[in-house]
Amino acid sequence: MLLNRNVLTGILLIFLLMGVLYYSNYLTYSFMSVEQEELTADSRHVEVHFQSHELHMVAPDHLKYDQPSIVSGRNDVVTVTPWLAPVVWEGTFNPVLLDSIYKLQNITVAATAFAVGKYVMFLKDFLETAEQHFFVGFRVHMYVFTDQPDSVPQIKMSADRQLTVLPVPSSKRWQEISARRLELIQKLIEEKLRNNSDYIFCLDVDSKVHGRWGAESLGGLIAVIHPGYYRDNRKKFPYERRPESRAYIATGEGDFYYCGGAFGGLLQEVHQLAKICCANFEADAKEGTEAAWQEESHLNRYMWINKPSKVLSPEYLRQNFYSQKPGGSHHQVLWSCQELC
Ligand SMILES: *[C@@H]1O[C@H](CO)[C@@H](O)[C@H](O)[C@H]1NC(C)=O
Ligand SMILES: *[C@@H]1O[C@H](CO)[C@@H](O)[C@H](O)[C@H]1NC(C)=O
C-alpha cells in the first residue's frame, strides 16, 4: 500500500512537472511570436514607406469618365503578360483618370538623356517634344548629361518643369558612352534624386516624343518592347548568346526584346537595375567580353529575371530606319500611342 501511494505521488508529481514545463514553454513561445510579429511588422512598414505610390491609388471623388468594361476592349493585342503585368496599349487606359490619380500623389518625374559628341544635335527636338508630350502637367525634372554644356539649347519650359545640365567627359566610342550611362544613372539617383523625385525614365536623346507619354507609364519597373522585334520568335531576338557574358540568354528563353533606349520606374527599382547591369557590364569588360548590344543586352538579361511590373507596347517607340546612328538599326523615335498593328 505504502509503495503504491509513493508511486501514485510520483506519477502526480511528474504530471505536475510536465504541466509547469508545458506552460513555461507556451509562455516562451507566445512571447517569442509576439516579438517576431513586431519585427516583421517593422520591416514591412519600411517597405510600405518606399512603395506607397504604387500600393495605394486614390481617385478624386465625383470624377466623371467613361464606364469601364471587362467584356469589351482591344482584342487585337495582348494586354497582360504571363506574370500579370499590364501591357500598355492605346485604348487600354483612361488618361484623365490616371492623371487625376497621380496628380493627387504630387509626384516628381525625372528623366535622363545623354548627349555626348555629335548627339547634342538631337537635344533640341528631344527637349521640345518632351515638353509637349512627356508628363504634361506634372513636375518633371530633365537631366541632360553632356560633354558640351554650352551647346544645350534654351528651351521654353513650363513653370513646373526644369532642366539640369550635368557635364561629363567626352568619349569617342558610343559603346563607352553606353557603358558609363548606367553608372551615371546610379550615381544621379544616389546623389541627387533620392529626396526629390519619385520616378525616373532613362531615354535615348535621339528620340522624339510624338504623342502622349503620361501617368499610364508609371509603375515599379517599366520596360518598353522594342518595335523592331515584337512579332518575332524569341530565338531571333538579338540577345547576347555567348554563355561567357553575364548578359547571356539561352535559346528558348526570354519574354520580349526590350529596348535599351527607354526604361524607367520607381527610383529604387531603376537604381537596382543600373547597379546590377553596370556591375555585370564591368565584370564582362574585365574578361574582355562586350555584350552584343552592350547596355541593352544587360538590360534584357536583367528583365528576364526581374520581370517588369508594367510593359509599354511598341506603340511607345518607333524606329527611324533612316538612322545616322553608328551601329545601325537602334535609332528610335519615341512614338507614343500610334497604331502599329
Ligand atoms: C508637392 O511636392 C513639392 C516638391 O516635392 C513640395 O514642394 C510641395 O510642398 C508638395 N505639395 C503638397 C501639397 O504636398
Ligand atoms: C535625403 O534626406 C535625408 C534625410 O531626410 C538626408 O540624410 C540625406 O542626406 C538626403 N540625401 C540627399 C542625397 O540629399
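Both backbone and side-chain heavy atoms feed into the values below; hydrogens, waters and symmetry mates do not. For ligands, and for the atoms within them, numbers begin at 1 and follow the listed sequence.
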Margin query: What I'd like to find out is whether the side chain of Ile155 reaches to under 4.5 Å of the side chain of Lys124, using heavy atoms alone.
Written below: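 When only atoms from C-beta onward are counted, Lys124 and Ile155 do touch, with a gap below 4.5 Å.
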Margin query: Consider side-chain hydrogen bond (donor to acceptor under 3.5 Å, both in side chains). Of Arg234, Glu296, His226, which one does Tyr257 pass it with?
Written below: Glu296
Note to self: Other members of the hydrophobic cluster containing Leu84, with the 4.5 Å side-chain heavy-atom rule, please.
What the structure shows: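 Answer for Leu84: Val80.
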Margin query: Is it the case that the side chains of Thr108 and His141 hold a donor-acceptor pair, with the cut-off being a distance below 3.5 Å and no angle test?
Written below: no
Check: Just one of Tyr230, Phe263, Tyr258, Trp213 clears the ring-ring contact (aromatic ring centres under 6.0 Å, His included) bar with Tyr316, so which one?
Finding: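 It is Trp213; the other options fail the test.
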Next item on the list: Flag yes if more than 12 heavy atoms outside Gln154 fall under 6.0 Å of its CD atom; otherwise flag no.
Entry: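 No.
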Checklist line | Those protein residues which place at least one heavy atom below 4.0 Å from ligand 1 | finding: Asn106, Arg139
